[in-house]
Each structure stands twice: as C-alpha cells, then as structure tokens.
Amino acid sequence: MTARRNFKRQVRARAAKTGITATPRVHSLAQLDAVLADTSVRQLHLSAPHPTGTVAAGADPQRFPADAVGRLRGVHGVLVVGASVRPGCPEVNPQLTIMVAASAVTQAHQGS
C-alpha cells in the first residue's frame with residue numbers, strides 16, 4: 001500500500017499516465033485512487049521524468065527564451081545547454097539527444 005501511495009503522489013492528475021499497462025489515463029486523483037484500489041504493486045510500471053524545455057531554443061522569441069544556437073535572449077553571454085533547450089519531453093530517455101544538443105551549442109560558440 002505504501003508503494004501505491006508513493007506512486008500516487010508522483011503522478012500528476014492532468015491526464016497523467018498511470019504506468020499500469022491496461023489502464024487508461026486518469027484525469028483526477030479520485031480516478032487514480034479507483035485504479036490503484038484494484039492494482040497490485042507488481043502491476044505498476046514506475047518511471048522517472050526527464051524535465052525538459054525550461055529554456056527551450058527556437059526561432060520565435062515569443063515562444064522560445066533561447067535562440068536556435070542556445071543564446072539566452074536578453075542576457076549577453078549566457079548559453080543554455082542540456083535538457084532545457086529541448087522544446088518538449090520525449091517518450092524515451094533523452095540522454096543522447098541532450099548530449100548532441102550540448103555539443104552543437106558548444107561548437108557554435110567555440111572561438112567567439
């Protein structure tokens with residue numbers, strides 16, 4: 001029961017995936033409680049989030065705080081690298097993508 005309660009605390013009610021294979025998305029804590037009431041700990045699939053997009057890079061200054069080469073708009077000399085520059089969260093582990101993005105930003109600014 002403790003594992004299920006901890007899982008519940010980690011799941012956001014905003015259409016979050018429950019991690020229970022045959023269960024649809026839940027949209028409230030009440031729905032999550034109902035699903036968890038009939039679920040064993042062995043049925044849970046726990047995963048870790050990969051926060052991304054906090055300073056997403058892109059061409060549109062209205063939507064993206066960093067430009068396409070990782071410069072933070074409005075702040076001279078600040079480069080953004082890592083998961084922050086991704087515009088959203090992927091369905092798979094983003095480690096390789098993050099490393100490539102960091103390398104691209106670094107290479108774009110070497111010697112400047």
Side-chain angles (χ1 to χ4, degrees):
M1 189 60 156
T2 301
R4 286 191 283 176
R5 281 287 165 202
N6 286 337
F7 179 73
K8 175 186 170 183
R9 288 186 192 120
Q10 294 176 15
V11 174
R12 293 190 172 94
R14 265 186 24 215
K17 289 184 179 178
T18 61
I20 303 167
T21 308
T23 305
R25 291 177 183 247
V26 296
H27 300 281
S28 70
L29 290 177
Q31 288 176 342
L32 183 60
D33 278 335
V35 168
L36 290 176
D38 295 325
T39 304
S40 74
V41 172
R42 292 177 188 253
Q43 291 174 287
L44 296 178
H45 169 77
L46 301 178
S47 61
H50 298 283
T52 60
T54 54
V55 188
D60 182 358
Q62 296 299 315
R63 294 183 51 220
F64 301 103
D67 67 14
V69 290
R71 292 179 297 226
L72 184 61
R73 289 186 169 95
V75 183
H76 179 70
V78 175
L79 300 177
V80 181
V81 298
S84 295
V85 298
R86 289 192 42 84
C89 189
E91 292 283 328
V92 297
N93 188 321
Q95 180 177 353
L96 184 58
T97 306
I98 292 166
M99 292 167 61
V100 169
S103 178
V105 168
T106 302
Q107 288 176 9
H109 295 283
Q110 282 181 333
S112 59

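These numbers were taken from a predicted model, which means no experiment stands behind them. All values below come from the heavy atoms of this structure, side chains included, with hydrogens, waters and symmetry mates left out. Residues take their numbers from the sequence shown, with the count starting at 1.
In plain terms, the two heavy atoms of Val69 and His109 that are nearest each other are O-NE2, 2.8 Å. Residues Pro65 and Val55 come closest through the heavy atom pair CB-CG1, 3.8 Å. The nearest pair of heavy atoms linking Ser84 to Thr54 is OG-OG1, 2.9 Å. Considering all non-hydrogen atoms of both residues, Ala59 and Pro61 come closest at O-CD, 3.1 Å. Contact record, Asp67 with Ala57: O-CB, 3.2 Å, taken as the closest heavy-atom pair. Nearest heavy-atom pair, Gly82 versus Ala102, reported as atom, atom and distance to 0.1 Å: N-CB, 4.2 Å.
Arg73 places no side-chain N or O within 3.5 Å of a backbone atom of Gln62 that could act as its donor or acceptor partner. Without hydrogens or angle criteria, Ser103 side chain to Met99 main chain gives no donor-acceptor distance under 3.5 Å.
Residues Val78 and Val85 fall within the same hydrophobic cluster, defined by Ile, Leu, Val, Met, Phe, Trp and Tyr side chains chained together at heavy-atom separations under 4.5 Å.
With sequence neighbours excluded, no residue satisfies side chain to side chain donor-acceptor pair (under 3.5 Å) with Thr52.
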